Every structure is written in structure tokens, then in C-alpha cells.
Asks: 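Submitted below is the structure of interest, expressed as C-alpha cells.
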There are 2 protein chains.
Amino acid sequence: MARDRRVKYTKMILRESLIKLLLEKPIARVTVKELCEKADINRATFYTHYTDQFDLFKQIEAEFIADVNSYLDNFTLEQGETGLFQLIVKIFEYVEKNSELCRVLLGRNGDMDFQTHIMQIVGKRVFFEWGKRKKVDEIIAEYIYTYVATGSIGIIRKWLFEENQESPEKMAALVARLANKGIEAFIS
Amino acid sequence: MARDRRVKYTKMILRESLIKLLLEKPIARVTVKELCEKADINRATFYTHYTDQFDLFKQIEAEFIADVNSYLDNFTLEQGETGLFQLIVKIFEYVEKNSELCRVLLGRNGDMDFQTHIMQIVGKRVFFEWGKRKKVDEIIAEYIYTYVATGSIGIIRKWLFEENQESPEKMAALVARLANKGIEAFIS
DNA sequence: TAAGTTATTCAACACGATGTTTATTAATAG
DNA sequence: CTATTAATAAACATCGTGTTGAATAACTTA
């Protein structure tokens, strides 16, 4: 009942080949033909698993989000500001470990939809930690949430392409401080 | 020496037609054929002006950035916090006036490259206003700059797709406050 | 290990979009 | 008005697409 090893290999090599291609050019410039040539997989085989290159791309994104979630689930956090800080450290560590994929998904060849999606996923966790302790107006809160989440991803993206990367701890301290200050500005 | 009216029309109608198409689907799903049919322009004519649909798209983005810049150049700002606030109000007013195009360029069908680009352009202005008054560490400053700029664009994007939009003044007040607080957190 | 299942490959196909070229027509600038 | 030049229409080779049927190879399970 376990999944066929051939299928595993096919999906794996196609996945890796697409990521390699996306390091060079946007998904819109990638053809199914060249992807299959790079992966050394028959085109007909590709079509038994995916409808087109975008389909595969979406699945890579979905797997990434699932992986991030399960990764973050494995940590029990302390209460208060320390817990929030720890969470952000973990996020930076994860990005560091998966830098190639992150560069593809968050870089210039990534798509906006995913950006928004990952922002909501990660942002909710951070915001949840913070929300345990503070209260703000509803509409304002959503905007602050958006601001903090997109701003943080912006920092991650910059950090991701930096020559001499600062440590995850330093970055987390920076982000946590920015988030807290921005949020505190609106406590009634 | 003035540009031929036929050329003006061709470029204009192609531009408008592409924007209409981009309200429905991403640029990768748009074909030159359908674009030309929508614009009622011969395909051969399209190829005398652009290499492909991406080329036209890039030009639309470039024109947008040029337009934003010249728009913002037309305002002389007061000194200090009032000046920064005024600038942000102007940005929100601009977005409101050009909401259709902004929805295309900043929405889910926009591309990340443009997002980064516009972030730098607008962010530099805001940061310049702020930089007149404060001093911070170099590397930290760049991260804060990135954070504030991407966060602000995140807010603009959310606002752009809202049912009952808050006024530009209210939004500007929110953004200015968030920017100032985040920045002040790092003054030595 | 053997048997039956199933994924992959290969070749071929019709189809549509691409990018280019030619001659022709129509609009424009001066 | 005239010379210029842009847009059109039709045709073309080329390429990627998505699907098919038969042959082959690898896998799972008993």
C-alpha cells in the first residue's frame, strides 16, 4: 500500500529540477519540455502527475507551507515576550536551513499569492503569541497585523540574499523589537 | 518630429487591453494572440513594438514608476513630521485615483520584482524625509528601511482591496505612526 | 521468488501560439 | 499634395502542448 518508489522518484526529480530552473528564470518562462529534459523524465509521465508547470509549482509551495507548519509545531514556547522571540528565532533558523528553496519562493521569481499566503500562516502564529497579552481595535488590528507580517517577510527576503548574514538571533531580536514597538503604538 | 498618432493609439490600446486581461488572469496566462484580438490590433504590429507580453508589461510598470515619481515631485513638503505625513497622504491619494492599475500591479497577478522596485522608490522618499532628523547604525538602518517600506506596501495592498476604504488621511496617520514608532525603537 | 499490477517510455499525432516575412493599403507629417 | 511610414492581411516554418496506444521495465505483494 506504500507509494510506488518510481512515483516517488519521478516527483522528487521533477521537483528538484523545477527549483533549479526557478533559480534562473520565472515560472512563466519554464516550459514542460525543458523541465522534463532536465529531469530526464518523459513528458507523458509528467502529464500523468501534473497538469502543467504551474501545477507542480503550486504543489511545491503547498508542501513548503505544510513543512513550515509542522516544523513550528514541534516547539513548545515559553510565555510572554521570550516565547515570541523564540518563535521568530526558529523561523529564521528554518529559512537558513532551507535557503535555496526560500530564495526561489520569496525571491524575484516567486509569486505574490504565495507571499500573501505564507504571510498569513506565519503572521498568525506571531500575532497569536502577541495577542495573548494585548488588546486593540478590530480594523486597526488587521492593518497592524498586515504591516508587521509583510514587513517581517521583507526583512527575511533581504536577509536571504545578503552576503554576510547576521545570526538568526540578531535578526529575531530586530524583528521582535520592530513588531513590539509598532504594536505598542496602538494600545489603548 | 512628434510621434505618429497611429503609434500612440496602438500602444495605448494594447496597454489598456493588457491591463483589462490582467484583472482576470496572470501575465503568464495571457497570449499575444488574445491580447491582439482584444485590442483589435494585428499581431505583426504588436511585434514591431514589443518582443512579447512580458515586454509590454515591464513597460507598463516602468511608466507607472515614472508617473508616481513625477506626481510626488509636484509637492513641496513642510519640514518635520508634518512633511512626512503629507507625503504619505499623497501616496494614498495617488493609489486611490489609480486603483485599477494599482490592483493589477500590486495584486496577486503582479510580479515580485516590481513590488521590490516600487518599495525602493517610494521607501526612499519616506526614508529621506525621516532621515533628515534621525541617525542610526548603517546595517540596522537598511533593515528598518526594508521593514517599513514592505510593511507599508502591505497595508496599501490590503487597503486597495477593501470594501469600505478608510480615508487616505486616516491611513496615512496609521502608516506614519507605525513607521515612526518602529524607527524610534532604534535611535541610539 | 513468481505473478500480477502499474508506472514509465516511446512514437506519433492534431492543435494552437509564436515570430517572421511579403505585398498591400491607409494614415500621417511636412 | 507628396513622400513617408505605420498597420494590415495572408502565408509560412517552428515549437510547445496535451493526448493516445502499445511496448517495456520496475514495483508490490503474496
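Chain letters run A, B, ... following the sequence lines, proteins first, then strands; residues in each count from 1. As the structure is a prediction and not an experimental result, all values here were calculated from the model.
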Asks: Starting from C1' on D:dA26, measure out to CG on A:Asn42 and report it in whole angstrom.
Replies: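 Atom CG in A:Asn42 sits about 16 Å away from atom C1' in D:dA26.
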Asks: Going by atom types only, do B:Arg108 and A:Gln115 share a side-chain donor-acceptor pair under 3.5 Å?
Replies: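 No.
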Asks: Given atom CG of B:Leu14 and atom C1' of D:dA6, what is their separation to the nearest angstrom?
Replies: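 So the two atoms are 13 Å apart, to the nearest Å.
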Asks: Report yes if a side-chain nitrogen or oxygen of A:Thr48 is closer than 4.0 Å to either non-bridging phosphate oxygen (OP1 or OP2) of C:dA7; otherwise report no.
Replies: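 No, A:Thr48 has no side-chain N/O under 4.0 Å of OP1/OP2 on C:dA7.
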Asks: Below 4.5 Å, heavy atoms only, C-beta onward: do A:Arg43 and A:Glu37 meet side chain to side chain?
Replies: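 Of all side-chain heavy-atom pairs linking A:Glu37 with A:Arg43, none is under 4.5 Å.
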Asks: Between atom CZ in B:Arg6 and atom C1' in C:dT28, what is the gap in whole Å?
Replies: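 Those two atoms, CZ and C1', are 5 Å apart.
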Asks: How are the rings of A:Tyr71 and A:Tyr94 set relative to one another: parallel (under 30°), tilted (30 to 60°) or perpendicular (over 60°)?
Replies: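 The rings of A:Tyr71 and A:Tyr94 sit tilted, inter-plane angle from 30° to 60°.
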Asks: Report the distance from atom NZ of A:Lys33 to atom P of D:dG16, rounded to the nearest whole Å.
Replies: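 Going from A:Lys33 (NZ) to D:dG16 (P), I get 4 Å.
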Asks: Using heavy-atom distances to pick each residue's nearest nucleotide on DNA chain C, tell me which of A:Lys8 and B:Val30 is more 5'.
Replies: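 Looking at DNA chain C, the more 5' nearest nucleotide goes with A:Lys8.
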Asks: For the pair made of CG in A:Asp4 and P in C:dG4, what is the distance, rounded to whole Å?
Replies: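 Distance check: A:Asp4 CG to C:dG4 P gives 19 Å.
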Asks: C:dA7 P sits how many Å from A:Phe46 CZ, rounded?
Replies: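 Taking atom P of C:dA7 as the reference, CZ of A:Phe46 is at 17 Å.
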Asks: Where the side chain of B:Ala44 is concerned, which of D:dT20, D:dT17, D:dT8 is the nearest nucleotide?
Replies: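 The answer is D:dT8.
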Asks: More 5' along DNA chain D: A:Arg43 or B:Thr45, using each one's nearest nucleotide?
Replies: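 On the 5' side of the pair lies B:Thr45.
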Asks: For the residue pair A:Lys158 and B:Tyr143, would you count it as a cation-pi contact if the rule is NZ or CZ under 6.0 angstrom from the ring centre and within 45 degrees of the ring axis?
Replies: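 Cation-pi check for A:Lys158 and B:Tyr143: passes.
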Asks: Measure from the side-chain N and O atoms of B:Tyr145 to the backbone N and O of B:Ile140, and report whether any donor-acceptor pair falls under 3.5 Å.
Replies: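 No; judged by distance alone, with no hydrogens or angles, the pair does not exist.
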Asks: Using OP1 and OP2 only, check whether a side-chain N or O of B:Thr10 sits under 4.0 Å from D:dA7.
Replies: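 For B:Thr10, the contact criterion (side-chain N or O under 4.0 Å from OP1 or OP2 of D:dA7) is met.
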Asks: Nearest heavy atom decides the nucleotide; on that basis, is B:Arg5 or B:Tyr47 closer to the 5' end of DNA chain C?
Replies: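 Between the two, 5'-proximity favours B:Tyr47.
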Asks: So does A:His49 get a side-chain nitrogen or oxygen closer than 4.0 Å to the phosphate oxygens (OP1/OP2) of C:dT8?
Replies: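 It does, given that an N or O in the side chain of A:His49 lies less than 4.0 Å from OP1 or OP2 of C:dT8.
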Asks: Would you kindly give the CD1-to-C1' distance between A:Ile41 and D:dA25, to the nearest whole Å?
Replies: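 Computing the A:Ile41:CD1 to D:dA25:C1' distance gives 14 Å.
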Asks: Taking OH from B:Tyr9 and C1' from D:dT5, how many angstroms apart are they, rounded to a whole number?
Replies: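 So the OH-C1' distance, B:Tyr9 to D:dT5, works out to 19 Å.
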Asks: Of the candidate nucleotides D:dC27, D:dT17, C:dT18, which contains the atom at the shortest distance from the side chain of A:Gln53?
Replies: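 Ranking D:dC27, D:dT17, C:dT18 by closest atom to the A:Gln53 side chain puts D:dT17 first.
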